Amino acid sequence: MKIPESHPRYASLKIREKLVKGFKEGYVAINGLIAQGRGECFDYLFNEKTQEFAKKAEKAAVAALLISKRPVISVNGNTVALCGKEICKLAKILKCPVEVNLFYWTKKREKIIEEILKRYYENVLTEKTERIPGLESKRANVSKYFYNADTVLVPLEDGDRTKCLVDMKKNVIAIDLNPLSRTSQTATITIVDNVVRAIPNMINYAKEMKKFKKEKLEEIVKNFDNKENLKSSINFIKNFKYF
Ligand code: PTJ
């Protein structure tokens, strides 16, 4: 169906279409459509815009990734359908690998996602030899690189893995529209924004900030307070103005 551009929810409906297409192509999990619905609900409360607290977190996240020795970006079906190309662009700037990590893992889904990402970027990891301690889901299976990474960017993550990654002393950067989720509450840096806006914003910040001195980047990370920033996002919802 062709969505009329005049439709008040045009942008949101177009984003849905990307997930439906990914599902038809066999790499978005059916549950991923439900996850998007949950995200949309929160996005509505943020006026579907990147708010100040999200910009702050995105800058801190880019700074943390740029000063890391072994950064990595972990992606699932939804993330690839929504912004796979942009993820590769960000990884290229950060010079880091992209790892495919699925909650509803199947070899077939992993393969399709790998092929999509490899259209844009070579450094895509799918070979899993290690396990994250304390985690029973398929998401525990990771590459050696991921296992030893110091900073991991995890869009649309599950709460239990975030906790395990923090326990492994990794810096965990989450992108999650729900500021109350276990992921948001446990991550080192939480970006409360839609992944479709967060990743392009991060690309722009990374282009600019890669020229910064290490000390300046460290200062940005040091001055970022995740708890305070999460509070700002929750207060934004509390003060939401109804029509
Ligand atoms: O591809 P797989 O097999 O790894 O499965 C991926 C999903 C997303 C299905 C799986 O991880 C899952 O069930 O996720 P959740 O727990 O339903 O959703 C994770 C979080 O992402 C929730 O807190 C949502 O609010 C949030 N979210 C959903 N869509 C977006 C989002 N956050 C940012 N941008 C979005 N577009």
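Just follow the structure's listing: the first ligand is 1, and inside any ligand the first atom is 1. Note that this is a predicted model, so its numbers are computed, not measured.
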Look at K222 together with E218 and state whether they make a salt bridge at an N to O cut-off of under 4.0 Å. no
Looking only at protein heavy atoms, identify the closest one to atom 35 (C) of ligand 1 and say how far it is in Å. N194 OD1, 3.6 Å
My understanding is that we take every heavy atom of each candidate and find the minimum distance to atom 6 (C) of ligand 1. Doing that for I34, V80, N76, which one comes out nearest? N76
Salt-bridged, E114 to K111, with N to O below 4.0 Å? yes
Tell me the protein heavy atom at minimum distance from atom 21 (O) of ligand 1, and give that distance in Å. L156 CG, 3.6 Å
Can you report which non-hydrogen protein atom sits closest to atom 33 (C) of ligand 1, along with the distance? D193 O, 3.4 Å
Is the shortest heavy-atom distance from the side chain of N204 to the side chain of K207 under 4.5 Å? yes
the protein heavy atom lying closest to atom 28 (C) of ligand 1 turns out to be A35 O, 3.1 Å
Looking only at protein heavy atoms, identify the closest one to atom 11 (O) of ligand 1 and say how far it is in Å. D158 OD1, 3.5 Å
For G32, counting its heavy atoms only, list the atoms of ligand 1 lying under 4.0 Å from any of them. 9 (C)
min-distance protein heavy atom vs atom 4 (O) of ligand 1 -> F103 N, 2.7 Å
When you check the side-chain N and O atoms of T79 and N76, is any donor under 3.5 Å from an acceptor? yes
Going by atom types alone, do S143 and E99 pair a side-chain donor with an acceptor below 3.5 Å? yes
With atoms numbered from 1 as shown, which atoms in ligand 1 lie under 4.0 angstrom from a non-hydrogen atom of R109? 1 (O), 2 (P), 3 (O)
Quick check for you: to the nearest 0.5 Å, what is the distance between F224 atom CZ and I189 atom CD1? 6.0 Å
Are D176 and S181 linked by a side-chain donor-acceptor pair shorter than 3.5 Å? yes
Examine the proximity of ligand 1 to E40 and report which part, side chain or backbone, both or neither, has a heavy atom under 4.0 Å away. neither
Do the ring planes of F46 and F236 sit parallel (below 30°), tilted (30 to 60°) or perpendicular (above 60°)? tilted
Which residue holds the protein heavy atom closest to atom 20 (C) of ligand 1, what is that atom called, and what is the gap in Å? D176 OD2, 3.6 Å
Under 4.0 Å to a heavy atom of Q36 - the qualifying atoms of ligand 1, by number: 29 (N), 36 (N)
What protein heavy atom sits nearest atom 15 (P) of ligand 1, and how far away is it? R38 NH2, 3.3 Å
Starting from the C-alpha separation in whole Å, work towards a yes-or-no answer on side chain to side chain contact (heavy atoms under 4.5 Å, CB included) for R197 and E48. CA-CA 9 Å; R197 295 189 300 270; E48 294 166 313; 4.2 Å; yes
